[in-house]
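A quick write-up on the structure given underneath.
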Number of protein chains: 4
Amino acid sequence: MDTTIPQSAVRTRYRVPYADTDMMGVVYYGNYLTLFERARNELMRATGPSYAQMEREGLMLPVIQAHVDYRSPARYDDELEIAAWLDEARGARCTVRCAVLRDGETLATGWTVHACVDAKTRRPARLPSWLSARHFTPPEGDSRPVS
Amino acid sequence: MDTTIPQSAVRTRYRVPYADTDMMGVVYYGNYLTLFERARNELMRATGPSYAQMEREGLMLPVIQAHVDYRSPARYDDELEIAAWLDEARGARCTVRCAVLRDGETLATGWTVHACVDAKTRRPARLPSWLSARHFTPPEGDSRPVS
Amino acid sequence: MDTTIPQSAVRTRYRVPYADTDMMGVVYYGNYLTLFERARNELMRATGPSYAQMEREGLMLPVIQAHVDYRSPARYDDELEIAAWLDEARGARCTVRCAVLRDGETLATGWTVHACVDAKTRRPARLPSWLSARHFTPPEGDSRPVS
Amino acid sequence: MDTTIPQSAVRTRYRVPYADTDMMGVVYYGNYLTLFERARNELMRATGPSYAQMEREGLMLPVIQAHVDYRSPARYDDELEIAAWLDEARGARCTVRCAVLRDGETLATGWTVHACVDAKTRRPARLPSWLSARHFTPPEGDSRPVS
């Protein structure tokens, strides 16, 4: 459960609506996977074509594994920051790590593993070069620093 | 807010998970539209081809209006009954009415209006005859009566 | 289905994740009620205490009616703007109207009616004066104008 | 990713609504955690007091870890079967394993780890004896066998 967030992480802000909470008064555990998705979307937009663009170009990245470690609950109206960074990418698979933070405190961490597939055939396809680890260039600076 | 449920209504049971609740301790208001959808799916399955089958045959029923009146909250672990019935169907539109009940008490009522469109062109299409009001034949009896 | 958005409307931006879409390729109809909630939260934050603060002070605004008219679908990765404004507020009830826009085009409109209740007893309570129509003062200017 | 489902597993049926799908035409990856919750609820109801009853008695089981391996996608209108079984339970923690099946094919597997906490103080509490592994007695037979 290492939470060292690398410089290459892209950070996304998100305000928690009532919809995300459950009767325990906290964000429902399944909704963290949507937070992770929001952060992945911004990671891709910041480092290459957006995921929407990638799909239009014929590639998809379905999730084949997801993992979350919950430390401290997020709550209604929290302004969260979700950090996402590419951890590994080779062949037809990549791993994105995420951390959910509130005021610098890490609330949850986790990862998703993605297969790269052809959007039409749904068969394995090579990751685009900009997504492969070797070629991964973190965006210079970060316009949305942690508060 | 008339809640007379006609004999033709099809009733679906649903157990409320934690996921559907919010921090007010009740089912989040937006989730009633998913309850309505579950009931519509069973209404169609009981009275004609399933909606899945209808889509495979090239027709879609996107929602163009939704309305819910909330009377009393549904809660975690409630075993709800959702009644759905066809209220009107002509040309390229139909209205489905729904009521959410718990132990015979009406918790919410509402409706959805649907356009019938061609799945490929997304242009208006005539409702299939089995969905038109004239031809609507309620299923004989009801294997899932209200408790 | 009047979509004249008043000057007093507060506008919130929202990027659509994959999570909000359905197999029709568009935002699922029930998720518009979460969009409405996001906009109401920002309306309240901009015009008085936030809803979170209001609950801490002992008042709740459960939804007793919701209505949506869908015109044109929102899609994945759309950057939506949701406008919310107070339409009516007296006694123990208020109505908030919402419009979902993309690049100035109105995709959906609707409203929610809320009862004001005591958070502990859940019995009707007077709306706070800042929420009553007479006292409603639109925020000066709008830092998030429509693009 | 062993999918041997033990005899002690409790199986729950679930029909996939449109709401659960995404624009890839499959069940959104985050929604599997709600499927897991539905199955855990039925596991508890079948083997001891329901989770709702457990909360009323002052204990909560917040999730501290969740993991899902996705093999093959679930789709709209699928009638899924979700198997859940207690894997480990000692002190203040327990692990529940789940498998999502369609017509006997395993679509996804995973687990959740839960902390047992006092509902009021939210501090660690001993698992109730009926939830501890030693005392775990699988229900005799299974009224909902795999099809």
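Letters A, B, ... are given to chains in the order of the sequence lines, protein chains preceding strands, and every chain is numbered from 1.
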**Report entry** B:E55, part contacting chain C, at a heavy-atom distance under 4.5 Å
**Finding:** side chain
**Report entry** Toward chain C, the part of B:Y32 with a non-hydrogen atom under 4.5 Å
**Finding:** neither
Query - Residues C:E37, B:Y28; criterion side chain to side chain donor-acceptor pair (under 3.5 Å); working and verdict - result: CA-CA 11 Å; C:E37 189 224 319; B:Y28 183 70; 2.7 Å; yes
Report task. Under 4.5 Å, counting heavy-atom pairs only, tell me which of C:R122, C:H67, C:M23 racks up the most with chain B. Result ->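 Ranked by contacts with chain B, first place is C:H67.
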Report task. Take atom CZ of B:R93 as the centre, draw a 6.0 Å sphere, and report whether it contains more than 12 heavy atoms from other residues, nucleotides or ligands. Result ->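 No, the 6.0 Å shell around CZ holds no more than 12 heavy atoms from other groups.
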Requested in this report: Specify the closest pair of heavy atoms between C:Y29 and B:T112, including all atoms of both residues, with the distance to one decimal.
Outcome: CE1-CG2, 3.7 Å
Query raised in the report: Where is the tightest heavy-atom contact between B:Y51 and C:M24, given as atom of each residue plus distance?
Result: OH-CE, 3.4 Å
Requested in this report: Tell me, for C:P73 versus chain B, whether the close heavy atoms (under 4.5 Å) come from the side chain, the backbone, both or neither.
Outcome: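 The answer is neither part of C:P73.
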